[in-house]
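Just so it is clear: chains get the letters A, B, ... in the order the sequence lines come, proteins before strands, and each one is counted from 1. All figures in this text were calculated on a predicted structure; none of them were measured in a lab. Scope of the values below: all heavy atoms of this structure, side chains included, with no hydrogens, waters or symmetry mates.
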Number of protein chains: 2
Amino acid sequence: MYTIGQLSKKTGVTVRTLDYYDEIGLLKPAAATEGGHRLYGDQEVMRLEQILALKYLGFSLEKIQLILRESPPSWEAALTEQLLMVEEEKKRLDDLHRSLQGILYSIQIEKQVNWPLIFGVMHMFQQGEREAIKVLDRYMSREQQDKMLSVNMDQHKMDQWVALIYEIRENLHESPDSPIAQQLAARWMEGVYEMFGQDDEFLSSAWNAITEESDGVMFYPMTRDVVDFITEAIKVKEKKAGEANA
Amino acid sequence: MYTIGQLSKKTGVTVRTLDYYDEIGLLKPAAATEGGHRLYGDQEVMRLEQILALKYLGFSLEKIQLILRESPPSWEAALTEQLLMVEEEKKRLDDLHRSLQGILYSIQIEKQVNWPLIFGVMHMFQQGEREAIKVLDRYMSREQQDKMLSVNMDQHKMDQWVALIYEIRENLHESPDSPIAQQLAARWMEGVYEMFGQDDEFLSSAWNAITEESDGVMFYPMTRDVVDFITEAIKVKEKKAGEANA
DNA sequence: GGTTGAACGGCACGTTACGTGCTGTTTTAT
DNA sequence: ATAAAACAGCACGTAACGTGCCGTTCAACC
């Protein structure tokens, strides 16, 4: 049997905290001396170690109490529930991460903070239920959506895109058949093919979505002006290619 | 100019909260009536919207105050810092996720909660600094480690592995040349090749690490007994294959 | 120019989750 | 006997974000 001080030393939990666990009924001593000093047995040591483990796994003290009260405890259910909670939280952080990343890119492109964009992003995620995906429903199949959303550009490729779009915005005044517009269009097309391959059906759905939605925040940084510019430049490019073939 | 009530209606923030923001100096009114009623201008509306946006992005009110106090605010630095924080938190959640997932698999394999395993997992992550990777250093190159850790089995494949190991544990008493042991060894090898391909050098490093470390928690559920059993069975299998070729 | 709704100042309290501090007394070990 | 350890009990701390309530004053509308 251990006194509270010995248990404290053995486990690294302060006496005061053990006091507290006793108080809230999480870890009760097995016995007491005549004088009222608390005594903890091996079972209690085990229970304390379990408590610490569950705490590490992210359970609240209250939840731990609930779980340990059952006999036998439904470990599998509790752990599964916790796993789902962690997954939820991960999803939330992923959204946050994407938002921050997107805003940082927008600063690189526009060299200033685009507040309307931020408000747009906020609303998109705040009114829950993934507004984003609902919008895509109008333009493409579920598989195509997956393809679109699963594009995982690495840092380098993303930087390239950001640089390209920045350059396009700097050159919006150029005519669509100017060399610079043609060069930008070529780089654009190359990037698109690199990301999605030659899947023409998919590209056409995506292009539809982008041209229709580019007033919103959905396809930032492919804003209306950028999309229009590149559309015109590509038209010219394809016409030229047709003439060359003829 | 808006009274505090109008601002509240416009933005959805309660009067009481605007009181509070005034109190902590986060959002001060632009002016006041003779009677002392607070008046907010367009600039304040903008500032409030920025505050809400930053709050959504995970900044604390205190941090927001610090950022907005600068002129001009260093948005890029603040957002980058926040991004790093989110990434840290994501990493923490990933560890937690892996721990929970691992424990759940161990329950499926052993049909009971393996507390020593949980304590082991706890210690591995608690003493920070990724103990896990340090151990691997002794057995393989950095690239091989990446290969090992980046194996992303899907749910189905993972379930197959778990089922296989469960079966192995049920059959530890079988002789290595029994049909069942041979069949288990075959499934094991097939799974390994599916995951890592025919990279013999890598497989040998990995096998070294696994046989040496299988007393610990590092390669759970490849525990000592399972690894020994499968090693023997594979030896027999290869000997037979050699004889057949001769 | 009175009624009513809005806003005021000020101070305390609430929430969640987890403890910590402090005091004065009793018990235990040596 | 003395000192270290444990006791009971009650308040307080932290961190981040507010909320509740009260009695008083102001502003708008008919």
**Request:** Under the side-chain hydrogen bond (donor to acceptor under 3.5 Å, both in side chains) rule, what do B:Tyr139 and B:Glu213 come out as? Steps first, then yes or no, please.
**Result:** CA-CA 10 Å; B:Tyr139 301 99; B:Glu213 298 292 331; 2.7 Å; yes
Rounding to an integer number of Å, can you tell me how far [X] [atom1] sits from [N] [atom2]?
| X | N | atom1 | atom2 | value |
| --- | --- | --- | --- | --- |
| A:Leu26 | C:dG19 | CG | C1' | 13 Å |
| A:Asp19 | C:dC22 | CG | P | 15 Å |
| A:Glu23 | C:dG19 | CD | P | 12 Å |
| B:Tyr20 | C:dG10 | OH | C1' | 16 Å |
| A:Tyr2 | D:dA5 | OH | C1' | 18 Å |
| A:Ile4 | D:dA8 | CD1 | C1' | 12 Å |
| A:Leu7 | D:dA6 | CG | P | 10 Å |
| A:Asp22 | D:dA6 | CG | C1' | 12 Å |

Check whether any side-chain N or O of [X] sits under 4.0 Å from OP1 or OP2 of [N], and answer yes or no.
| X | N | value |
| --- | --- | --- |
| A:Thr3 | D:dA5 | no |
| B:Arg38 | C:dA7 | no |
| B:Ser60 | D:dA16 | no |

**Asked** Is A:Leu79 close to A:Phe59 at the side-chain level, that is, under 4.5 Å between some pair of heavy atoms?
**Response**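 When only atoms from C-beta onward are counted, A:Leu79 and A:Phe59 do touch, with a gap below 4.5 Å.
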**Request:** Decide yes or no for B:Asp95 and B:Arg92: does some side-chain heavy atom of the first lie under 4.5 Å from some side-chain heavy atom of the second?
**Result:**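 Counting from C-beta outward, B:Asp95 and B:Arg92 never come under 4.5 Å.
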Out of [options], whichever nucleotide has its closest atom nearest the side chain of [X]:
| X | options | value |
| --- | --- | --- |
| B:Leu61 | D:dC7, D:dC17, C:dG19 | D:dC17 |
| B:Tyr21 | D:dC26, D:dG18, C:dT27 | D:dG18 |
| B:Thr17 | D:dT19, C:dT28, C:dG19 | D:dT19 |

**Message:** With nearest nucleotide decided by heavy atoms, which residue, B:Val15 or A:His37, maps closer to the 5′ end of DNA chain C?
**Reply:**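 Taking each residue's closest nucleotide, the earlier one in sequence belongs to B:Val15.
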**Message:** At 4.0 Å (heavy atoms only), tell me whether A:Lys55 reaches a base, stays on the sugar-phosphate, or touches nothing.
**Reply:**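 Sugar-phosphate: the residue A:Lys55, judged by heavy atoms under 4.0 Å, touches backbone atoms but no base.
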**Item:** Short side-chain to backbone donor-acceptor contact, B:Glu110 and B:Ile107, under 3.5 Å
**Value:**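 Judged by distance alone, no pair lies under 3.5 Å.
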**Prompt:** Would B:Gln108 and B:Asp159 satisfy side-chain hydrogen bond (donor to acceptor under 3.5 Å, both in side chains), going step by step from the backbone distance to the final call?
**Reply:** CA-CA 9 Å; B:Gln108 278 164 42; B:Asp159 287 348; 5.7 Å; no
**Message:** Judged by each residue's nearest nucleotide on DNA chain D, which is more toward the 5′ side, B:Glu34 or A:Gly36?
**Reply:**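 In this pair, the answer is A:Gly36.
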**Message:** For B:Phe59 and B:Thr33, find the nucleotide of DNA chain D closest to each by heavy atoms; which residue's nucleotide sits nearer the 5' end?
**Reply:**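 Checking each residue's closest nucleotide, the 5'-ward one belongs to B:Phe59.
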